[in-house]
Amino acid sequence: MKTYLRLLSFAQPIARFAIPYLLCTVLGVIFNTLNLALLAPLLITLFNNQAGDVMPRPENGWLDPTGMLNYYAQQANLHFGPHGALQVVCAVIVSSVLLSNIFKYFSQRIMENLRIHTLLNLRKRVFDNVMNMHVGYFSNQRKGDIIAKIASDVQAVQFSVTSTLQVVFKEPLQLIAYVFMLFATSVKLTLFAILVIPVSAFLISKIVKRLKEQAALAQHYFGLMISYLDEALTGIKIIKAFNATENIKAKFHSENIRYSDLGRKMAKRQQLSSPVSEFLGVTMVAIIVLYGGSLIIDNNSDLDVSKFVAYIGIFSQVMRPAKALTDSFSSIHAGIASGERVLELIDEKPEILDAPDAIDMTDFNDSIRLENVSFSYPTRPVLKSINITIPKGKTVALVGPSGGGKSTMMDLLPRFIDAEAGQVLIDGINVKKIKQESLWSMFGLVNQESMLFNDSIYQNIAFGSPGATMEQVEAAARIANAHEFIMETEEGYFSNIGDRGMKLSGGQKQRICIARAVLKNPPIMLLDEATSALDTESEKLVQEALNNLMKNRTSLVIAHRLSTIQNADIILVLEDGRVIEQGNHAKLIAHDGLYKRLIDMQQFTDV
Ligand code: ADP
Ligand code: MG
């Protein structure tokens, strides 16, 4: 129930929908009930026209609606003759049906708008929240699960939670209207009927009980499937080259089977509730006919035949809203389960937030310092008591064996992760005291994996600088050594580069990434093995581009190219989470330590 209400809270402002909806629904229900009640006067005009005795007007007026309708039908009979009365009654029936359907239509439209509005809000909130999560969050999550939550769970909420809204508002009203009519027509029969209802309610609730957990599990399996799909599509070349297609197919298929099996089990229960309740409903009607009919046959009842037929008509309809309610309760479980998964994602709080007194940092003047910084992943410590200084305008190279913590250290500067102990200072200000957006605007990032988007070259370069002109983009591309190859593509800057830049070579991708960083023009550059995935030829071009990029900037570079490292102002040798050597190339060679050994082992490509 709590989940349901929270999901509903996304329908704000609900009053805009609720008031016209209630109005239309109430009117719709009234006319809908009238349609059935009009059965009695119809029968009166058809069969009662010879009867001599005039019916008195019912004493309690419209509290006895069938009585009143019968009375007016007979009056019409007396005034206009049987044919005239038949015409009147038919005209009334047609207008009532017309009105009830007009109101039904409007109430459904309003509800549909509400539903779409709710989902719009829900989807936005969920996506916004995911984008706001700290970077570390994503290394512990399955991407497919997040995708499934935003795509299919939100959809599931639509199909059950919001569609039950309609049921929840309308059907009880309709039920009350019917029950009122039943009591107004015959108290005795209705009391008898009410005894029978709880029995069917109990049976239905038994059936739908397990549906919720199954629904949650089903969405989880679906998330796994999306994960496999995502991995399979991203790694298609590797999969084929390693001849793993059959393996991957089998993995996906077994997940698919698991998901389908569960779907079948759920459908079995879900589908069962509808026929069971229908059967119970008809059985109840039969019991009423049996009981009420025998009362009439024995002349033991205050009902006449026309009223009894209208009574049965209405009673048979009572089951419809009752059935709609139970049906929607059986499907609401699936929706709630999905709703919980979506809310889980909405409730997830980023671990790295701006401090309340965080400031905007507009420029970089002095230095970056790490003081006694330590950091561990839950599984293992990575950085241990790091103390370094990166002065403005210098190039600092990070070298060391793989797994030593170089990338981790770099992630500390833009606060993708937070130091566990010690502090990271920019111009003497702790990064935790700087607004993240202004912090990020200080950095340009080029990684080993060039992250590009399926869009035009122009859009990819202008990615971090919306509003950049064509001239600026082109100038950045020239600096990044990218202009020539861009002009050789079919549509120049407006060529689409495919998923993750698939239509470009590695070196071309990297140069686009560099152009992107050049255009953003940040004071500090972070380069994490930006050339290590490249062949020698394109590496040269990229290296030139990088040199242009680092000119007049402060850079922290993780590199494997001797020339880059040699030219660095400061070289930090990181091993096992500690800075073990520090200095320029000549000094470290003279020191004859790990750096010298790495050089001798030709760890670095010497071009
Ligand atoms: P380098 O860049 O120097 O090769 P990294 O900084 O990437 O090394 O990694 C340092 C250590 O931290 C490695 O041993 C790696 O296994 C571990 N590590 C990196 N990322 C994570 C993560 N998201 N969760 C747990 N451990 C990680
Ligand atoms: Mg690394």
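Note that ligands are numbered from 1 as they come in the structure, with each ligand's atoms numbered from 1 the same way.
Among all heavy-atom pairs drawn from N548 and I479, the shortest one is ND2-O, 2.9 Å.
Two residues are said to be in side-chain contact when any heavy atoms from C-beta on lie closer than 4.5 Å; N372 and S385 meet this criterion. Annotation: side chain of D569 is not in contact with side chain of V396 (no heavy-atom distance under 4.5 Å). Looking only at side-chain heavy atoms (C-beta outward), M525 and V446 come within less than 4.5 Å of each other.
E255 and K251 are not joined by a salt bridge, as no carboxylate oxygen comes within less than 4.0 angstrom of a charged side-chain nitrogen. Salt bridge status for R369 with E371: present, with a side-chain N to carboxylate O gap under 4.0 Å. Between R264 and D261 there is a salt bridge, since a side-chain N of the basic residue sits under 4.0 Å from a carboxylate O of the acidic one.
Nearest protein neighbour of atom 7 (O) of ligand 1, counting heavy atoms only, is S407 CB, 3.6 Å. Remark: minimum distance from atom 3 (O) of ligand 1 to any protein heavy atom is reached at K406 N, 2.7 Å. For atom 25 (C) of ligand 1, the nearest protein heavy atom (residue, atom name, distance) is Y377 CG, 3.3 Å. With hydrogens left out, the protein atom closest to atom 4 (O) of ligand 1 is G403 N, 2.7 Å, a heavy atom.
Defined by atom type and a distance below 3.5 Å, a donor-acceptor pair is present between the side-chain atoms of Y493 and H483.
Contact annotation for atom 22 (C) of ligand 1: protein present (non-hydrogen atoms, distance under 4.0 Å).
Here S407 meets the criterion, with an N, O or S atom under 2.8 Å of the Mg ion (ligand 2).
The shortest N or O to N or O distance between T379 and ligand 1 is not below 3.5 Å.
Ligand-side atoms of ligand 1 in range of S139: 23 (N), range being under 4.0 angstrom from any heavy atom. Of all atoms in ligand 1, listed by their number and element, those nearer than 4.0 Å to a heavy atom of G404 are 3 (O), 8 (O). Close contacts between ligand 1 and T408 involve ligand atoms 5 (P), 6 (O), 9 (O), 10 (C) [criterion: under 4.0 Å to a heavy atom].
Contacts of V382 with ligand 1, taken as heavy-atom pairs under 4.0 Å, involve the side chain alone.
With atom 8 (O) of ligand 1 as the reference point, the heavy atom nearest to it among S402, G400, G577, G405 is part of G405.
Taking the six-membered ring for Trp and thresholds of 30 and 60 degrees, F453 and F463 have nearly parallel ring planes, at less than 30 degrees apart.
Residue contacts with ligand 1: R380 is included, with a non-hydrogen atom under 4.0 Å away.
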